[in-house]
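Here is the structure we will look at.
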Protein chains: 2
Amino acid sequence: METVEKLTKTLRNHGMKITPQRLMIFKILENNTSHPSAEQVFKRVKKIYPTVSFTTIYKTLETLRDLGEVQELIIDEDRKHYDPNTDTHHHVICSNCKKILDVFEDFSQHVKLPDTLKKDYTVSGFQISFHGICKDCN
Amino acid sequence: METVEKLTKTLRNHGMKITPQRLMIFKILENNTSHPSAEQVFKRVKKIYPTVSFTTIYKTLETLRDLGEVQELIIDEDRKHYDPNTDTHHHVICSNCKKILDVFEDFSQHVKLPDTLKKDYTVSGFQISFHGICKDCN
DNA sequence: CATTATCTAACAATCATTATTATTTAAATT
DNA sequence: AATTTAAATAATAATGATTGTTAGATAATG
């Protein structure tokens with residue numbers, strides 16, 4: 001799990017500046033297991049910095065993604081979600097409310113690309129998305 | 001794999017009309033393993049029906065998805081893709097060119113939602129997305 | 001504290017997708 | 001075969017998430 005300190009250090013190491021807005025975003029992401037969308041991050045930052053721009057949120061999340069510090073989740077058909085936990089893990093999403101929970105189980109021993117496709121793709125990893133209905137929605 | 005005949009029958013059974021545009025879309029989807037986006041379907045239909053509207057493509061794909069006749073793939077961050085193969089299977093996508101191939105292997109014996117989450121979600125299925133670089137891109 | 005490269009905020013633009021609506025048409029009925 | 005009608009099409013506008021642009025602001029360094 002990425003901490004404010006680690007994110008700060010990583011950005012500094014890449015010649016990037018640590019602004020109050022960015023620090024706020026780091027704080028929101030630290031220990032965050034809610035898989036927020038850009039808008040959800042925006043709304044929370046806005047409470048502290050009412051003048052913050054949506055662009056700043058998008059740009060910072062893009063930066064963190066490019067640095068490998070957050071995972072961009074393509075699982076909700078409507079919008080991207082962000083996960084500060086970059087360790088390999090999986091997700092379950094509610095088809096109704098789109099709530100996402102983590103699935104920490106190592107399937108790597110059993111889930112492998114079939115040999116017939118190994119010559120066509122150099123695989124860097126895999127993502128399992130469980131789909132269902134959460135208990136709040138049924 | 002859904003055939004033109006099956007799709008025609010299904011729509012008829014639901015009181016829907018079989019138009020030339022729809023038949024063309026059915027034909028394009030039949031035996032199609034290229035996981036086209038709506039735009040790719042649109043372009044192919046347009047060659048035969050130059051006046052076809054993008055809306056028609058979207059509406060028809062939505063209809064087919066709602067009837068369970070095509071699978072909507074949320075795997076490419078930029079756009080949705082459509083798969084007429086509704087049997088359970090998985091995919092590998094090239095992070096560079098976004099080419100998607102099918103992965104026909106049954107992982108269901110090993111991939112299950114952990115017991116700790118079973119009380120929170122009623123799971124209907126899962127989707128595995130392998131990520132990598134295809135041989136054309138490296 | 002002065003410099004400078006980067007970042008922010010505001011705004012416009014883009015792109016995929018969806019909504020609206022008047023017109024057309026498939027197909028059931030006469 | 002003509003009529004009817006519910007549904008589909010095409011054209012268009014609208015939406016909503018995301019990205020691009022740019023002028024001014026600011027973090028970080030010496």
Side-chain angles (χ1 to χ4, degrees), chain A residues 4 7-26 28 35-67 69-70 72-82 98 100, chain B residues 4 7-26 28 35-67 69-70 72-82 98 100:
Chain A
V4 172
L7 294 176
T8 299
K9 192 174 291 182
T10 303
L11 262 73
R12 283 241 164 79
N13 286 345
H14 284 82
M16 293 165 174
K17 294 177 177 173
I18 308 304
T19 64
Q21 292 91 333
R22 284 184 169 176
L23 267 178
M24 189 66 206
I25 294 172
F26 296 171
I28 287 166
H35 311 88
S37 64
E39 192 189 9
Q40 290 169 322
V41 174
F42 174 63
K43 281 184 175 163
R44 289 193 55 188
V45 175
K46 215 175 177 181
K47 286 183 182 166
I48 312 296
Y49 294 98
T51 65
V52 75
S53 160
F54 222 139
T55 315
T56 302
I57 308 300
Y58 273 110
K59 286 276 159 64
T60 300
L61 290 171
E62 179 191 43
T63 298
L64 292 173
R65 182 204 55 193
D66 291 347
L67 293 171
E69 301 293 331
V70 303
E72 204 171 60
L73 302 183
I74 311 301
I75 179 173
D76 176 352
E77 58 179 3
D78 294 326
R79 53 185 60 76
K80 293 168 186 166
H81 290 259
Y82 295 88
K98 309 300 171 69
I100 299 168
Chain B
V4 172
L7 295 176
T8 299
K9 192 175 291 184
T10 303
L11 262 72
R12 282 240 166 79
N13 285 344
H14 284 81
M16 292 166 175
K17 294 177 176 173
I18 306 305
T19 64
Q21 293 90 333
R22 284 184 167 173
L23 267 178
M24 189 67 207
I25 294 172
F26 297 172
I28 287 166
H35 310 89
S37 63
E39 193 190 7
Q40 290 170 323
V41 174
F42 173 63
K43 282 185 175 162
R44 289 193 54 188
V45 176
K46 216 175 174 179
K47 286 184 183 164
I48 312 296
Y49 294 99
T51 65
V52 74
S53 161
F54 223 138
T55 314
T56 302
I57 309 299
Y58 274 112
K59 282 274 159 62
T60 300
L61 290 172
E62 180 191 43
T63 298
L64 291 174
R65 181 203 56 193
D66 291 347
L67 293 173
E69 300 293 333
V70 302
E72 202 171 62
L73 301 183
I74 311 300
I75 180 172
D76 176 352
E77 57 180 4
D78 294 326
R79 53 186 58 76
K80 293 169 185 164
H81 291 258
Y82 294 87
K98 309 301 173 66
I100 299 168

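Proteins come first, then strands; the chains are lettered A, B, ... in the order of their sequence lines, and each starts at number 1.
Across all non-hydrogen atoms, the minimal contact from A:F54 to A:E39 is CZ-CA, 3.5 Å. The shortest heavy-atom contact between A:L61 and A:V70 is O-CG2, 4.0 Å.
Atom CG of A:D66 is separated from atom C1' of D:dT19 by 13 Å (rounded to the nearest Å). Going from atom CD of B:E77 over to atom C1' of C:dC15 covers 14 Å, rounded to whole Å. Following rounding to the nearest Å, B:N13 (CG) and C:dA28 (P) show an atom-to-atom distance of 12 Å. Here C:dA10 presents its P atom at 14 Å from NZ of A:K59, a figure rounded to the nearest Å. Taking atom CE on A:M24 and atom P on D:dT26, their separation rounds to 19 Å, with Å as the unit. Look at CD on A:E72: it is 12 Å from C1' on D:dT19, rounded to the nearest Å. The separation between A:L11 atom CG and D:dA27 atom P is 15 Å, rounded to whole Å. Per the geometry, CZ belonging to B:F26 stands 10 Å off P belonging to D:dA8, to the nearest Å.
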Which atom pairs link the protein and nucleotides 3-6 of chain C when you take only N or O atoms and keep those under 3.5 Å?
{"residue": "C:dA5", "atom": "N3", "partner": "A:K17", "partner atom": "NZ", "Å": "2.7"}
{"residue": "C:dT6", "atom": "O2", "partner": "A:K17", "partner atom": "NZ", "Å": "3.3"}

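Looking at heavy-atom distances under 4.0 Å, B:E62 makes no contact with the nucleic acid at all. Within 4.0 Å (heavy atoms only), A:K80 reaches sugar-phosphate atoms of the nucleic acid but no base atom.
When each of B:E62, B:K80, B:H81 is tested with B:E72 by the rule side chain to side chain contact (heavy atoms under 4.5 Å, CB included), just one qualifies, namely B:K80.
Annotation: of the two residues near DNA chain D, A:I18 and B:T19, the 5′-most nearest-nucleotide partner is B:T19.
Here the side chain of B:R12 pairs no donor or acceptor atom with the backbone of B:I18 at under 3.5 angstrom. Proximity of a side-chain donor or acceptor of B:T8 to a complementary backbone N or O of B:V4 within less than 3.5 Å is detected.
Around atom NZ of A:K98, more than 12 heavy atoms belonging to other residues, nucleotides or ligands sit under 6.0 Å away. Heavy atoms of other residues, nucleotides or ligands lying less than 6.0 angstrom from CZ of A:R44 number 12 at most.
The side chain of A:R12 contributes an N or O atom lying less than 4.0 Å from OP1 or OP2 of D:dA28. OP1 or OP2 of C:dA9 sits under 4.0 Å from a side-chain N or O of A:Q21. For A:Y58 and D:dT18, the shortest distance from a side-chain N or O to OP1 or OP2 is below 4.0 Å.
A 4.5 Å side-chain heavy-atom check between B:L64 and B:T60 finds at least one atom pair inside the cut-off. Taking the side chain as every heavy atom from C-beta outward, A:Y82 and A:Q40 never approach each other to under 4.5 Å.
Near DNA chain D, meaning a heavy atom under 4.0 Å away, the residues from residues 42-55 of chain A are A:T55.
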